[in-house]
Amino acid sequence: MILVVSKYETSQITTTTCHQPTMTSYDLEDIFSRFDTGCDEFVSSEPFGSGHINDTFRISSSSERYYILQRINHEIFTHPIEVMDNIYRVTEHLKQKIIARGGDPARETLTLLPTKNESAWYALVDGNFWRLYNYISDTRTYEIGEDTGEGKNDDHVKEAAAAFARFQRDVADIPAPRLHETIARFGDTSFRFEQFEDALKADHLNRAKDCKAEIDFALSRRSDAKILTNIQGILLLYWLSHLPLSCNKPCDKINNVLFDNETGKGICVIDLDTVMPGLAIYDFGDAVRAATALAAEDEQDLDKVGFSMDKFKLLTEGYLSEAKKFLTEIEIDNLAFAARLVSFTIGLRFLADHLAGDVYFKTERQNQNLDRCRTQFKTVSDMEKQYNEMKAVVNEWR
């Protein structure tokens, strides 16, 4: 099953996006007071997390509880009301699922606190949107490559992939109406290809002459751009006759899963801003892109850049341990291709932005977007060379 609510890859809009606001001095005590926390009062605050899009703070309160207060970056999420509606509906649906199986909804999904006027969010006079979550204690996140000792990082990779699959399973039957598509055509590679071609045709800064190899690489893979779109159309027809409306979550990076400190189990998927209709296997592809990279996204020495088959095996094992219970055969057949396509798509976006003059992704040096494009395309090349092995790994765990 897979016309899902996709939590689209914020990895494609977080670490390199140009519209990153400077952490501003906000009256956090006043903002916190707008939310219904019972008799709890503001004590102190500190910046929290490693996100690059929203402004996030951990609030200490008079009851010695913690909260997460967050300003939604409305320059990136231009429809914050729809974003919050999606998050509220998804988390409320998850709570019912968790309760039904005897779990703890306070720890296994995010909990939004309403404002004192019973809204799920609060808009400041200057147009900023703020939200408040309960803080989930005794948990932590992990980064890919983090040394956690005794090979446990491998366990975390598998468990994170399984947690993403459980999230997709649980939101697959969210009731109508359909969730908002808060970023139109965000995961549509054919649309990204059109944007690349427009940038190439315009070539305002005469940069095309210096990246002919990358342009030829992209143009030679034009037919790949429409494959997942075509699959989505097939699945939509199948869904209309067989399946309930479902949903998935892009930005499936390992650090978007909270792990229980005692059990080591991935218990809660976080960062739900991009949850929207989409393909679950695109989410898997984004997880692969984030977890299997051998070098930094803008690495200039391409000999260091590549694709980790070992990490791909771990992700596939973890993901399919849960996802094989609800994915269709056509989705499983295309998991390996989705991994290739997501890396190609973000590379295409970097190349288009380089040609356009670096107008979307933030850059700190000349040709940084071109270097980012080259790392993605080098990864795609590695995946193409190992594609049969990737498909064999999928077949082993399907």
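Asp273 and Asn54 are linked by a side-chain donor-acceptor pair at a separation below 3.5 angstrom, with hydrogens and angles left out of the test. Checked by atom type, the side-chain pair Thr115/Asn117 shows a donor-acceptor distance below 3.5 Å.
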Side chains of residues 102-110: which donor-acceptor pairs under 3.5 Å do they make with residues two or more places apart or in other chains?
unit_1	atom_1	unit_2	atom_2	d
Asp104	OD1	Ala106	N	3.1
Arg107	NH1	Ser137	O	2.7
Arg107	NH2	Ser137	O	3.3
Arg107	NH2	Asp138	O	3.4
Arg107	NH2	Asp260	OD2	2.9
Glu108	OE2	Asp104	N	2.8

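In this structure Ala202 satisfies the side chain to side chain contact (heavy atoms under 4.5 Å, CB included) test together with His204, sequence neighbours excluded. Applying the side-chain hydrogen bond (donor to acceptor under 3.5 Å, both in side chains) criterion to Lys378, with sequence neighbours excluded, gives no partner residue. Residues meeting the side chain to side chain contact (heavy atoms under 4.5 Å, CB included) test with Ser321, sequence neighbours left out: Ala162. Residues satisfying the side chain to side chain contact (heavy atoms under 4.5 Å, CB included) criterion with Asp371, sequence neighbours excluded, are Gln300, Arg365, Arg374.
Ring geometry for Phe377 versus Phe217: interplanar angle under 30°, hence parallel rather than tilted (30 to 60°). Classified by interplanar angle (parallel below 30°, tilted 30° to 60°, perpendicular above 60°), the ring pair His156/Tyr142 is parallel.
Pairs passing the salt bridge (Lys or Arg N to Asp or Glu O under 4.0 Å) check and including a residue from residues 201-210, sequence neighbours excluded, read Arg207-Asp358.
Scanning both residues, Trp130 and Leu28, for their nearest heavy atoms gives CH2-CD2, 3.8 Å.
Side-chain N or O atoms of Glu181 include one that pairs as donor or acceptor with a backbone N or O of Arg185 at under 3.5 Å.
Looking at Arg222 and Glu197, a side-chain N of the basic residue comes within less than 4.0 Å of a carboxylate O on the acidic one, giving a salt bridge. A salt bridge does not link Arg372 to Asp353: none of the charged nitrogens lies less than 4.0 Å from a carboxylate oxygen. A salt bridge is defined here as a Lys NZ or Arg NE, NH1 or NH2 lying under 4.0 Å from an Asp or Glu carboxylate O, and Asp30 with Arg34 meets this definition.
Using a 4.5 Å heavy-atom threshold, the side chains of Arg289 and Gln376 count as touching.
Under the 6.0 Å cut-off for aromatic ring centres, Phe193 and Phe196 qualify, their centroids lying closer than that.
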Next item on the list: Using the salt bridge (Lys or Arg N to Asp or Glu O under 4.0 Å) rule, take Glu92 and Arg89 through it: C-alpha gap first, then chi angles, then the decisive distance, then the call.
Entry: CA-CA 5 Å; Glu92 288 300 304; Arg89 289 181 56 203; over 6 Å; no

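A cation-pi contact, defined as under 6.0 Å to the ring centre and within 45° of the axis, is absent between Arg58 and Phe48.
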